[in-house]
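Below you'll find the structure, written out as C-alpha cells, and then a few comments.
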2 protein chains.
Amino acid sequence: MKRIVTATVRNQSGVLNRITGVMSRRQFNIESISVGHMESSNESRMTFVVHVDNLQQIEQLIKQLHKQIDVLKVSDITDEAMIARELALIKVATVQATRAEIYSLIEPFRASVIDVGKDSIIVQVTGTQDKVEALIELLRPYGLKEIARTGVTAFTRSTKKQEKQQMMIIH
Amino acid sequence: MKRIVTATVRNQSGVLNRITGVMSRRQFNIESISVGHMESSNESRMTFVVHVDNLQQIEQLIKQLHKQIDVLKVSDITDEAMIARELALIKVATVQATRAEIYSLIEPFRASVIDVGKDSIIVQVTGTQDKVEALIELLRPYGLKEIARTGVTAFTRSTKKQEKQQMMIIH
C-alpha cells in the first residue's frame with residue numbers, strides 16, 4: 001500500500017542522509033521525495049511516498065525517524081483529509097500535424113506549454129498523482145522525450161470535515 | 001553561488017542514501033531536493049539545488065556522485081538554457097475582509113485556491129523559485145500558517161538558442 005508521510009526537519013547537515021539511511025536499511029521502496037524550505041528558514045519540510053506491505057511497517061518507520069537527530073515531527077497523513085499535489089514537466093515530440101492536437105488534449109488538464117522547440121514542446125502540469133499520470137499516458141503515443149516530476153508535496157486540509165469534497169476539486 | 005544539478009539514477013534500494021551521504025560528508029548546503037519517477041519506471045530523476053563557494057566544489061561533487069553505484073548521469077545545468085519550476089502550497093490565514101483581497105493578489109501569479117477553510121485558504125502556485133518566493137512574501141502579512149514546497153525540478157530546453165527568451169516566459 002502507498003503511504004504519504006510528511007516530516008519537519010532542522011536544516012542541519014546530514015539530516016537528510018540519516019533519514020534516507022533509515023529507509024535504505026529497512027529496504028523501503030520510496031516512490032518520491034520532495035524537500036523544500038518552510039516559512040521559517042531554519043526548517044525544511046519533506047514529503048515522501050513509500051510503498052509498504054502493512055501498517056505496522058509504516059509505524060515502525062515513523063518511530064525510527066522520530067529518533068533521528070534534527071527530525072522534529074513525522075506524520076503519516078494518508079488517511080487524513082489532505083491535499084497532495086505534484087508538478088511534472090513533460091517533453092513531448094511534436095510535428096506540425098500533431099501540435100494543435102496536443103494543445104487541445106492538455107487543455108482540460110489545465111496544463112500549459114512552457115517551451116516550444118522545433119520538434120518538441122514542454123508541457124507543465126500540476127495536480128494529484130493520478131491526474132499527472134493520466135496526462136502522461138495520454139501524451140505517450142506522441143513520443144515522450146523526457147519527464148521531470150517533483151514528487152508529491154502534501155498537507156492536511158484546513159477543515160477536517162471536507163473529506164467528501166476532496167474528489168470534486170480537480171485542479 | 002546556487003547551482004542546479006540533475007541526476008538520473010536506477011531505482012535501487014540505497015541509491016538515494018549514497019547520494020545524500022556524499023553531500024553530507026562534504027557538508028554541502030542543500031536547498032532543495034526532488035525525486036520522481038521517469039518515463040522508464042526503473043529510473044528516477046533527481047533535481048537538487050545546492051549552495052557552493054566556487055565551481056571547483058560543484059565539479060568535485062559531480063565527480064563523486066558519478067562514482068556511486070546506480071547513478072547513471074549527473075549534470076550541472078545551471079548555465080544551460082533550461083526550465084526550472086517548483087510547486088508550492090501555501091496555507092494563508094483569512095478573515096472575511098481579506099479574502100477577496102488575497103484572491104485578487106494571487107491572480108497575476110496564475111495561482112489558484114485549492115481549499116477554503118473557515119479561517120484559512122490553501123493557495124497553489126507553480127513557477128520559478130523567484131516567482132514562488134515573491135508570492136510568499138506578498139502573502140506573509142496576512143499570516144502564513146503552513147508552506148509545503150516541492151523543490152525545483154528542471155531540464156534543458158528543446159532549442160539551445162532560446163536563452164534570451166527565458167525571462168519572458170512567466171508561468
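A note on names: the letters A, B, ... follow the listed sequences, proteins ahead of strands, and every chain is numbered from 1. Remember, it's a predicted structure, so these values are computed and weren't measured experimentally.
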> Among B:Gly151, B:Ser34, B:Gly36, B:Ser32, who wins on heavy-atom pairs under 4.5 Å with chain A?
Replying inline: B:Ser34
> Taking only residues two or more places apart in sequence, or in another chain, which ones meet A:His51 in a side-chain hydrogen bond (donor to acceptor under 3.5 Å, both in side chains)?
Replying inline: A:Glu31
> A:Val9, A:Val5: one ILVMFWY side-chain cluster at the under-4.5 Å cut-off?
Replying inline: yes
>> For residues A:Phe109 and A:Ile121: do they belong to one hydrophobic cluster (side chain heavy atoms under 4.5 Å, members Ile, Leu, Val, Met, Phe, Trp, Tyr)?
In response: yes
>> Show me the pairs that pass side chain to side chain donor-acceptor pair (under 3.5 Å) and involve residues 141-155 of chain B, at least two apart or across chains.
In response: A:Arg45-B:Glu146, B:Glu86-B:Arg149, B:Lys91-B:Glu146, B:Glu101-B:Tyr142, B:Glu133-B:Arg149
> If every non-hydrogen atom of A:Ala154 is compared with every non-hydrogen atom of B:Ala148, which pair is closest and at what distance?
Replying inline: O-CB, 4.3 Å
>> Please determine whether residues A:Ile83 and B:Leu87 belong to a single hydrophobic cluster, defined as Ile, Leu, Val, Met, Phe, Trp and Tyr linked transitively by side-chain heavy-atom distances below 4.5 Å.
In response: no
> Which value, rounded to the nearest 0.5 Å, describes the distance between B:Met82 atom CE and A:Leu89 atom CG?
Replying inline: 11.5 Å
> Would you find more than 12 non-hydrogen atoms of other residues, nucleotides or ligands less than 6.0 Å from B:Gln56 atom CD?
Replying inline: no
>> Checking A:Glu107 now: which residues fulfil salt bridge (Lys or Arg N to Asp or Glu O under 4.0 Å) with it, not counting sequence neighbours?
In response: none
> Can you find a pair of side-chain heavy atoms, one from A:Phe155 and one from B:Ile122, that are under 4.5 Å apart?
Replying inline: yes
> So which bits of residues 14-26 of chain A come within less than 4.5 Å of chain B, counting non-hydrogen atoms only?
Replying inline: A:Gly14, A:Leu16, A:Asn17, A:Thr20, A:Gly21, A:Ser24
>> Hydrophobic cluster membership, with links at side-chain heavy-atom distances under 4.5 Å among I/L/V/M/F/W/Y: are A:Met1 and A:Val50 in one?
In response: yes
> Would B:Ile33 and A:Met46 count as a side chain to side chain contact (heavy atoms under 4.5 Å, CB included) if you check the C-alpha gap in whole Å, the side-chain angles of each, and the deciding distance to 0.1 Å?
Replying inline: CA-CA 9 Å; B:Ile33 285 202; A:Met46 300 180 49; over 6 Å; no
>> Between A:Ala88 and chain B, with a heavy-atom cut-off of 4.5 Å, which part of the residue counts as in contact: side chain, backbone, both or neither?
In response: neither
> Is there a path from B:Leu65 to B:Val35 through hydrophobic residues (I, L, V, M, F, W, Y) whose side chains come within less than 4.5 Å of each other?
Replying inline: yes
>> Within this structure, what is the CZ-OG1 distance for the pair A:Arg110 and B:Thr126, rounded to the nearest 0.5 Å?
In response: 12.5 Å
